[in-house]
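A quick write-up on the structure given underneath.
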There are 2 protein chains.
Amino acid sequence: MTNEKLLSDFKDVLKKEGLKVTPQRIAVLEEIIKDKGHRESEDIYMAIKSRKTHVSRATVYRTLDILVQNGFARKLNLGDGRARYETKIDSPHHDHIICNECGKIIEFVNDEIEKMQEEIAKQHHFKLQQHIHQLFGLCKECQ
Amino acid sequence: MTNEKLLSDFKDVLKKEGLKVTPQRIAVLEEIIKDKGHRESEDIYMAIKSRKTHVSRATVYRTLDILVQNGFARKLNLGDGRARYETKIDSPHHDHIICNECGKIIEFVNDEIEKMQEEIAKQHHFKLQQHIHQLFGLCKECQ
DNA sequence: TTATAAATGAGAATGATACTCAATTATAAA
DNA sequence: TTTATAATTGAGTATCATTCTCATTTATAA
Ligand SMILES: [Mn+2]
Ligand SMILES: [Mn+2]
Ligand SMILES: [Zn+2]
Ligand SMILES: [Zn+2]
């Protein structure tokens, strides 16, 4: 998806929800699509500030929520007390392998596991809604 | 394992580590083995207080750490900001299914998935150390 | 322009958990 | 049993990410 299309989609969503298009909101969207990584709110806040747009932490959090709520971003909990956000645009579902030493994050997908999860849920009469699957260990460099 | 054996093992560990056997530490161990659930620190703190032993939150946290460090308990992060603790005694590895509505927690094991995780780690040149696998959805009663 | 509802940001609040340190206590030596 | 002492405890404070508050600013549409 082109950045122009994305921006226009975002504006449409804001309009549809009765929200205003502000430079702060645009800046957060731009940060999320610019860097494909798994970023902390603080990083995004700093990146925006270090450029031109005046923004507050509160607004970054609020905008990230909007992005997550509307399918532009995904929020991850890696268990270290700080949420990470990654773009969801052109990014199908995947899970993560995290290095306990250097924090490197690698993405993986395994259709077999995805299928099995559904079966396990069914066995226990659960209607599956989401899942968290994270592998932790030492990356090649950190072993 | 009998509770007597457990208690004696715990005392041995404390001795081995140069730690003292205190009524507070014993009380936390007793709580962890009494209730097989997935409990918050606050629950354990309240349960101990409501009995006889005087204890503080700080000591409950400190003792839970000792228990986790020494293989008596397992600490889980369910993504809601409060850690859960469960006994690890006579309790082999398993993962969890959590109801998004009522919070019910069901345990599951799947050897296929366990094996695949190892393979995925290997493919990415990771040495696997732990993993988190949590399925979230609606339980039978909450659908 | 103007009216106004929504957004922003500075700073305060929150909540789980960790830390501090003076008072207490378990332990082992005498 | 007494004593010496290092470890433990607990009340309260600190921390840290995130959320909330509310006075001021701004985007939007008439
Ligand atoms: Mn990812
Ligand atoms: Mn369990
Ligand atoms: Zn690494
Ligand atoms: Zn339920």
Side-chain angles (χ1 to χ4, degrees), chain A residues 7-8 10-31 38-70 73 75-85 103, chain B residues 7-8 10-29 31 38-70 73-85 103:
Chain A
L7 185 61
S8 129
F10 184 48
K11 288 181 180 175
D12 287 349
V13 164
L14 291 179
K15 240 157 245 166
K16 178 167 56 62
E17 307 240 331
L19 304 175
K20 293 176 178 174
V21 176
T22 67
Q24 289 83 356
R25 285 175 173 162
I26 299 298
V28 174
L29 176 72
E30 285 175 344
E31 269 310 313
H38 303 83
R39 310 182 62 196
E40 304 179 14
S41 171
E42 184 70 13
D43 289 343
I44 294 168
Y45 164 69
M46 291 306 235
I48 294 174
K49 273 193 78 168
S50 79
R51 287 201 207 309
K52 59 284 157 161
T53 314
H54 188 214
V55 76
S56 67
R57 274 178 254 260
T59 293
V60 171
Y61 278 111
R62 290 188 278 231
T63 305
L64 287 171
D65 277 351
I66 295 173
L67 293 176
V68 170
Q69 246 26 61
N70 292 283
K75 182 177 183 177
L76 345 175
N77 172 351
L78 266 39
D80 63 357
R82 273 160 291 133
R84 312 303 165 95
Y85 297 84
Chain B
L7 186 60
S8 130
F10 184 48
K11 288 180 178 174
D12 288 349
V13 165
L14 291 178
K15 242 157 242 167
K16 178 168 56 61
E17 306 239 333
L19 303 175
K20 293 176 177 174
V21 177
T22 66
Q24 288 84 355
R25 285 175 175 163
I26 300 297
V28 174
L29 176 71
E31 270 308 314
H38 304 81
R39 310 182 62 196
E40 304 179 14
S41 172
E42 183 70 13
D43 289 342
I44 295 169
Y45 164 68
M46 291 305 238
I48 294 174
K49 274 194 78 169
S50 80
R51 287 202 207 308
K52 58 281 156 162
T53 313
H54 187 212
V55 76
S56 67
R57 272 177 255 261
T59 293
V60 171
Y61 278 113
R62 288 187 280 231
T63 305
L64 287 171
D65 277 351
I66 295 173
L67 292 176
V68 170
Q69 247 26 61
N70 292 282
R74 206 178 272 128
K75 182 178 183 176
L76 347 175
N77 173 351
L78 264 40
D80 62 357
R82 274 161 291 134
R84 312 302 165 96
Y85 297 85

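Quick caveat, the model's predicted, so the values are computed rather than measured.
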Please write out the pairs of protein N or O atoms and N or O atoms of nucleotides 2-6 of chain D separated by less than 3.5 Å, giving the distance to one decimal.
unit_1: dA6(D); atom_1: N3; unit_2: K20(B); atom_2: NZ; d: 3.2

How many whole angstroms separate atom [atom1] of [X] from atom [atom2] of [N]?
| X | N | atom1 | atom2 | answer |
| --- | --- | --- | --- | --- |
| I48(B) | dG10(D) | CD1 | C1' | 14 Å |
| L76(A) | dT18(D) | CG | C1' | 17 Å |
| I26(A) | dT26(D) | CD1 | P | 17 Å |
| L64(B) | dT8(D) | CG | P | 16 Å |
| L14(B) | dA26(C) | CG | P | 13 Å |
| L19(A) | dT4(C) | CG | P | 21 Å |
| K11(A) | dT28(D) | NZ | P | 9 Å |
| Y45(B) | dG15(C) | OH | P | 16 Å |

* What does dT21(D) pair with, Watson-Crick or G-U, if both distances are under 3.5 Å? ->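 Paired with dA10(C).
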* Asked: Watson-Crick or G-U wobble partner for dA30(D), using a 3.5 Å limit on both distances?
  ->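 Pairing partner, where one exists within any strand: dT1(C).
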* **Option from R57(A), R82(A), K49(A) for which salt bridge (charged side-chain N to carboxylate O under 4.0 Å, His left out) with E42(A) holds** =>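 Checked R57(A), R82(A), K49(A) against E42(A); only one passes salt bridge (charged side-chain N to carboxylate O under 4.0 Å, His left out): R57(A).
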Establish, with yes or no, whether the OP1 or OP2 oxygen of [N] is under 4.0 angstrom from a side-chain nitrogen or oxygen of [X].
| X | N | answer |
| --- | --- | --- |
| R25(A) | dT8(C) | yes |
| H54(A) | dA10(C) | yes |
| S56(B) | dA11(D) | no |

Side-chain contact, heavy-atom cut-off 4.5 Å: [X] with [Y]?
| X | Y | answer |
| --- | --- | --- |
| I66(B) | L14(B) | yes |
| I48(A) | E30(A) | no |
| R25(B) | L19(B) | yes |
| I26(B) | F10(B) | yes |
| V60(A) | E31(A) | no |
| R84(B) | E40(B) | yes |

* Which pair of non-hydrogen atoms, one from N77(B) and one from G79(A), has the smallest distance, and what is that distance? ->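 The pair with the smallest heavy-atom distance is ND2-CA, 3.1 Å.
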* **Minimum-distance pair of heavy atoms, taken over all atoms of Q24(A) and V55(A)** =>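 Heavy atoms only, the tightest pair is CG-CG2, 3.6 Å.
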With the criterion being N/O to N/O and under 3.5 Å, what pairs connect the protein with nucleotides 17-20 of chain C, and how long is each?
unit_1: dT17(C); atom_1: OP1; unit_2: A83(B); atom_2: N; d: 2.8
unit_1: dT17(C); atom_1: OP2; unit_2: Y61(B); atom_2: OH; d: 2.5
unit_1: dT17(C); atom_1: O5'; unit_2: Y61(B); atom_2: OH; d: 3.2

* Starting from the C-alpha separation in whole Å, work towards a yes-or-no answer on side chain to side chain contact (heavy atoms under 4.5 Å, CB included) for L78(A) and H38(A). => CA-CA 10 Å; L78(A) 266 39; H38(A) 303 83; 5.8 Å; no
* Between D80(B) and T22(A), name the one whose nearest nucleotide on DNA chain C is closer to the 5' end. =>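 Upstream on the strand: T22(A).
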* To do: Give Q24(A) one of three labels, base, sugar-phosphate or nothing, depending on what nucleic acid heavy atoms sit under 4.0 Å from its own.
  =>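 The answer is sugar-phosphate, as Q24(A) gets under 4.0 Å only of primed atoms, P, OP1 or OP2.
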